[in-house]
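Notes to accompany the following structure.
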Amino acid sequence: MAQSYSIRRLGSTMGAQAYSQLVTVGVQLASVPLLIAFWGADRYGGWLVLAAIPIYLTLSDFGFTFIAKNEMVMQAVSGRHEGMLRTYHSVFALLSLVGVALVAVLGMGIWLAPLDSIFALGPITQSQARLVLSLLMVNVVATQFFLLYCAGVRAAGRPAAEVLWGATGKLLEAVAIVVGASLSSNVVVAAAGSLAARLVCMACLAFWLNRIAPALPLSYRQADRNEVRRLFSPSISYMLVSLSNAVMIQGPVIILGMVATPVAVVTFATTRTLTRMGTSAANLINFSFSPEYSRLWGAQNWNGFLRLEKLHLIIGAAGIVVYALGLALLGDWIMRLWTHGVVPAEQPFFGLMIAAVAAEMAWAALFTPIAAINRHMKVSNLFGALSIVAIIACYMLAIVGGISAVGAAIVVVHAIMLGYIIVWANPFRLHRPHPDD
């Protein structure tokens, strides 16, 4: 019965992840034409510039809540209620300190910097820009607390509900921004609407969580300095994964913009967008398996953990084969259809990007069980170091070899990550606990 229940819950979480992906794609596709229609291209361009850094900070998650939810699930299933509350309250205290510091430091910079001289804001005035950035930065902090409530939902045994709440929060924010744009050309209205939607959604989530899990009150009562120290390093290390991914995705575009032609930049960015659809599909699977890994590890169900790994890797391997063969056979046709013949699947660059994404999908699947039990630090740190080296190499390679040389560098990074996990951090060893990690 326990195994079938786990499978049902896994299926529910996958369904919720599919909804989350639909929300993400739908928001991206629908909001752009609507905001351009309401604001015009110049005002929308200024909004994008202002929203870029706060939105990225929101997506990066700081790493704190990811580590907290893993710890809390493992503690919940092993009956360590006091430990779960200590983690919950300690991360709450940590987020409070980081949030105050972030708002204070960045708020000072926002109100002192000559924003209209630094950025091309179009018709957005400097006073409007300062208000928008201030509201969006407060939204960043509010989102971290929202994610901590989501960690409580996962610890209460509702991983699918956690994903549904997170996706719905994103959807309501996007709707509020569009409604604000339809009501006023002042971008401050949209920023205020976005923050209001996040706060309302968080209040509803807090009320619902208190109803289903009254034993999980969020306060500072059990906050512990030693617990904060214990969680801080793995949190920062996990955040490196998000930052390194951003470097690997956006860095080559910036470099090519410096040393290559605009056509090369368009070819690289378009090809990357299409090929990384495999990563998006893999993430749907990986994120669905993650809470089950934490639950089984906390319950010390090593055999169940190992069986789940095998199932996960079978699904992942099948997905990689379908993805690689599909793009190898249909990639050029898809590219020409999608870009109206402007951007073909240029070889060998297109093949290199398929290989890079396939390797990334493979090591990300192997990384999932490691990250789900917070034993990811060595792998995360390696990826961070490799991403920096890769960007330096891309600059030199782009000059002499163009986009194909850049693609080869990206392949090497993900191949090294895959090899490292297989040889040194193989998740199949995790079913035999080793206390030195």
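Just so we're clear, the structure is a prediction, and the values are computed from it rather than from any experiment.
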Between CD1 on residue Ile236 and OG on residue Ser380, distance to nearest 0.5 Å: 11.5 Å
Euclidean distance, Glu71 CD relative to Ile373 CD1, rounded to 0.5 Å: 10.0 Å
Side chain proximity check, Val91 to Ser235, heavy atoms < 4.5 angstrom: no
Arg295/Arg9 under side-chain contact (heavy atoms from CB on, under 4.5 Å): CA gap, chis, key distance, verdict: CA-CA 12 Å; Arg295 184 183 66 83; Arg9 181 163 51 193; 2.2 Å; yes
Donor + acceptor pair across side chains of Thr87, Gln75 (<3.5 Å): yes
Partners meeting side-chain hydrogen bond (donor to acceptor under 3.5 Å, both in side chains) with Ser96 (sequence neighbours left out): Tyr220
Test side-chain contact (heavy atoms from CB on, under 4.5 Å) applied to Val153 and Leu205, step by step: CA-CA 9 Å; Val153 175; Leu205 173 57; 3.8 Å; yes
Listed partners of Thr275 passing side chain to side chain contact (heavy atoms under 4.5 Å, CB included), at least two apart: Thr271, Tyr323, Leu327, Phe350, Met353, Ile354, Val357
Nearest atoms (heavy-atom pairs only) where Val247 meets Ser387: CG1-O, 3.9 Å
Spatial distance of atom SG (Cys204) from atom OH (Tyr149) [nearest 0.5 Å]: 12.0 Å
Shortest non-hydrogen separation from Met72 to Gly152 and the atoms involved: CE-CA, 4.0 Å
Student check: side-chain heavy atoms of Arg229 and Ser90 closer than 4.5 Å: no
Whether over 12 other heavy atoms sit under 6.0 Å from Trp333 CH2: no
Distance in Å, Ser290 OG paired with Asn283 CG, rounded so as to fall on 0.5 Å steps: 11.0 Å
Test item: Ser12 side-chain N/O and Arg8 main-chain N/O as donor-acceptor pair under 3.5 Å: yes
Within the 6.0 Å centroid threshold, strictly below: Phe349 and Phe268: yes
Ring pair (Phe, Tyr, Trp, His ring centres under 6.0 Å) between Phe64 and Tyr238, worked out: CA-CA 9 Å; Phe64 302 141; Tyr238 185 80; over 10 Å; no
Close side-chain approach of Gln126 and Arg130, heavy atoms under 4.5 Å: yes
Least distance between heavy atoms, Ser288 atom then Leu10 atom: O-CD1, 3.3 Å
Within 6.0 angstrom of Tyr395 OH, more than 12 heavy atoms from elsewhere: no
Approximate separation, where rounding is to 0.5 Å, of Leu95 CG and Thr65 OG1: 7.0 Å
Whether Phe66 and His376 hold their rings parallel, tilted or perpendicular, with breakpoints at 30° and 60°: perpendicular
Ring geometry between His312 and Tyr293 (parallel below 30°, tilted from 30 to 60°, perpendicular above 60°): tilted
Audit row: Phe367, Val241, side-chain contact (heavy atoms from CB on, under 4.5 Å) steps and yes/no: CA-CA 11 Å; Phe367 179 70; Val241 177; 4.0 Å; yes
Straight-line distance of Leu366 CG to Tyr420 OH, nearest 0.5 Å: 13.5 Å
Side-chain (Ser194) to main-chain (Ala190) donor-acceptor, under 3.5 angstrom: no
Check: Leu135 main-chain N/O paired with Asn139 side-chain donor or acceptor under 3.5 Å: no
Phe383/Trp363 aromatic ring centres below 6.0 Å: yes
Carboxylate-amine/guanidinium contact Lys170 Glu173, below 4.0 Å: no
Exercise: identify the closest heavy-atom pair between Leu50 and Leu136: O-CD1, 4.2 Å
For Ser233, all residues meeting side chain to side chain contact (heavy atoms under 4.5 Å, CB included), sequence neighbours excluded: Met377
Over 12 non-hydrogen atoms of neighbours within 6.0 angstrom of CZ in Phe232: no
Taking every non-hydrogen atom, the tightest pair across Ala371 and Asn70: O-ND2, 2.9 Å
Which atom of Asp332 lies closest to which atom of Ala345, heavy atoms considered: OD1-N, 3.1 Å
